[in-house]
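These notes concern the structure reproduced below.
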Amino acid sequence: MKKRSYLALEDITVEFPTRDGVFCALDTINLSIEKGQFVALIGHSGCGKSTLLNAVAGLTKPTRGVIFLDGDVVDAPGPDRAVVFQDHSLLPWLTVEENVRLAVDKTAGGKTKAERRDWVMHNLELVQMTHAAAKRPGELSGGMKQRVGIARAIAMNPRVLLMDEPFGALDALTRAALQDVVMEIQARLNNTVLMITHDVDEAVLLADRVVMMTNGPAARIGEDRTVALHRPRARLEVIDNAEYADARHAVIHFLHERFRNPTAIAA
C-alpha cells in the first residue's frame, strides 16, 4: 500500500444545501502535503479556498472523502491544527501575554506556571513582540496584532499551521515585514503550513508549492506548481531569479485564463 503524505486530502467533496438545491463548493480534491512543506492556495474569489482550509481545520465536514493528518482521520477541530485568520481575533480585555497564554494553557498540560510563561515569551520573541507583552490589543497597530495572532497559533505547537489570508488587511510595508517574520519562523520550526492568499508574489515568495484552484462552483485543483527555490528566501534576491519569474508567470497566466474563461476546468 502506498504510504500517505503527512497531510492527505483524498477525494474531498463539499456540498451545501440551498433553496435552489445542492451547491457543490469543492469537487473531488486530492492534495498531498509533506511534513515541513509550505503550500499556498490561490484562486479567484468563490473558488472554495476557505472551504478547503476549514475542512482541514475540522470546521467544515466534507460531504465525501477523508482528510488524514499523520495517519489520523481529521473529523473535528483540534489543537494540532492552529488557524491564523485575516482578523487577529484577540480578546480586547486581555494583554498580549494573556492572549497567547490562553492557547498555551489549552495545550501545555504538565508544564508549570513558570514554564508556561517562558513558552509564551519564547513565542512572542519569535514574532518580535516581547516588548508589548503587557499591552492590550487596543494599544497595538494592525501589524502588531497579527504578530500576536501568529504567536498564539504557533504557541500551540500545532502539527499544521493554517493561515487564511493573514496579511490581507495590512498595508504593503507591514505585509512585507510579516512575510519575512513567517519565513524566519518556518525556517526555525520547519512546521507544515497551508496558507490562502490572493497575492501572487506572496505565494511564490513564501511557498514550496502554489496550488491553483479552478473557479467555483465545483472547484478543483487546476495546477500544482513547485517553486524550486531554497528557503528561507531574501525577497531582493529572488525577484531576479529565473525560477521565481517562471513560477510567478505560471500563476498569473493560470489566474488570467480563469478570469477570461470562468467556466474553464483543468484537464
Side-chain angles (χ1 to χ4, degrees), residues 14 16 25-26 38-61 76-107 120 123-124 126-130 132-158 160-186 191-203 205-207 213 216:
V14 178
F16 300 104
L26 298 172
F38 194 126
V39 175
L41 281 175
I42 196 166
H44 292 291
S45 295
C47 73
K49 299 185 298 298
S50 291
T51 300
L52 183 58
L53 194 85
N54 287 337
V56 177
L59 300 172
T60 297
K61 188 175 180 62
D80 57 350
R81 285 151 288 129
V83 186
V84 179
F85 296 103
Q86 184 172 336
D87 181 355
H88 52 80
S89 301
L90 301 179
L91 298 178
W93 58 88
L94 297 181
T95 66
V96 163
E97 180 180 347
E98 289 167 343
N99 267 282
V100 178
R101 177 67 183 265
L102 279 178
V104 173
D105 286 343
K106 291 289 186 181
T107 57
V120 168
N123 285 280
L124 286 175
L126 288 177
V127 297
Q128 302 163 18
M129 284 297 293
T130 54
K135 293 185 177 182
R136 287 183 168 76
E139 303 174 78
L140 307 178
S141 68
M144 294 171 75
K145 292 174 186 175
Q146 200 63 317
R147 285 174 187 257
V148 178
I150 294 170
R152 181 179 56 189
I154 61 177
M156 297 169 64
N157 200 22
V160 176
L161 179 63
L162 303 170
M163 309 182 81
D164 191 350
E165 290 198 78
F167 317 129
L170 305 176
D171 64 87
L173 292 177
T174 303
R175 185 180 190 127
L178 278 180
Q179 289 168 352
D180 290 341
V181 167
V182 167
M183 283 193 287
E184 291 168 7
I185 290 173
Q186 207 280 335
N191 50 353
T192 306
V193 182
L194 179 61
M195 181 186 73
I196 291 175
T197 181
H198 278 104
D199 188 310
V200 174
D201 289 300
E202 179 171 87
L205 175 66
L206 299 182
M213 304 288 293

In terms of heavy-atom contacts, T197 and K49 come closest through O-CE, 4.3 Å

Nearest 0.5 Å, please: how far is CG in L170 from CD in Q86? 8.0 Å

Passes side-chain contact (heavy atoms from CB on, under 4.5 Å), L205 versus M183? Steps please. CA-CA 9 Å; L205 175 66; M183 283 193 287; 4.0 Å; yes

Does L59 offer a backbone N or O that forms a donor-acceptor pair with the side chain of N54 under 3.5 Å? no

Find the distance between CG (L124) and CZ (R152) and round it off to the nearest 0.5 Å. 11.5 Å

Minimum heavy-atom distance V182-F167, with the two atoms named: CG2-CZ, 3.5 Å

To the nearest 0.5 Å, what is the distance between OG on S50 and CD on E165? 7.0 Å

Are E98 and L91 close enough that some pair of their side-chain heavy atoms sits under 4.5 Å apart? no

Closest non-hydrogen atom pair between G58 and P77, with its separation: O-CD, 3.2 Å

For D199 and R175, which heavy atoms make the closest approach, and how far apart are they? CB-NH2, 3.4 Å

Whether E97 side chain and A132 backbone form a donor-acceptor pair below 3.5 Å: no

Nearest 0.5 Å, please: how far is CG in D164 from CG in L194? 9.5 Å

Donor-acceptor contact present, side-chain Q146 to main-chain P166, <3.5 Å: yes

For the pair E139 and V96, evaluate side-chain contact (heavy atoms from CB on, under 4.5 Å) and give the outcome as yes or no after the intermediate values. CA-CA 10 Å; E139 303 174 78; V96 163; over 6 Å; no

Could you grab the distance from atom CG of L41 to atom NE2 of H198, nearest 0.5 Å is fine? 11.0 Å

Using only atom types and a distance under 3.5 Å, with no angle test, would you say the side chain of R136 pairs donor to acceptor with the backbone of W93? yes

Gap separating the CD1 atom of I196 from the CD atom of E202, nearest 0.5 angstrom: 11.5 Å

Is a donor on one side and an acceptor on the other found under 3.5 Å between the side chain of K145 and the backbone of L90? no

Are the side chains of F16 and T60 in touch, meaning some heavy atoms are under 4.5 Å apart? yes

How far apart are the closest heavy atoms of L102 and L94, and which atoms are they? CD1-CD1, 3.5 Å

Could you tell me which residues satisfy side-chain contact (heavy atoms from CB on, under 4.5 Å) with D80, sequence neighbours excluded, listed by chain and number? L69, R159

Minimal non-hydrogen separation, P92 against P137, with atom names: O-CD, 3.7 Å

From the list V160, L161, L162, V56, side chain to side chain contact (heavy atoms under 4.5 Å, CB included) partner of V83 resolves to L162

Quick one, V127 with I185, criterion side-chain contact (heavy atoms from CB on, under 4.5 Å). Give me CA distance, side-chain angles, the key distance, then yes/no. CA-CA 8 Å; V127 297; I185 290 173; 3.7 Å; yes

Chi angles and distances behind the side-chain contact (heavy atoms from CB on, under 4.5 Å) call for L140, R147: CA-CA 10 Å; L140 307 178; R147 285 174 187 257; over 6 Å; no

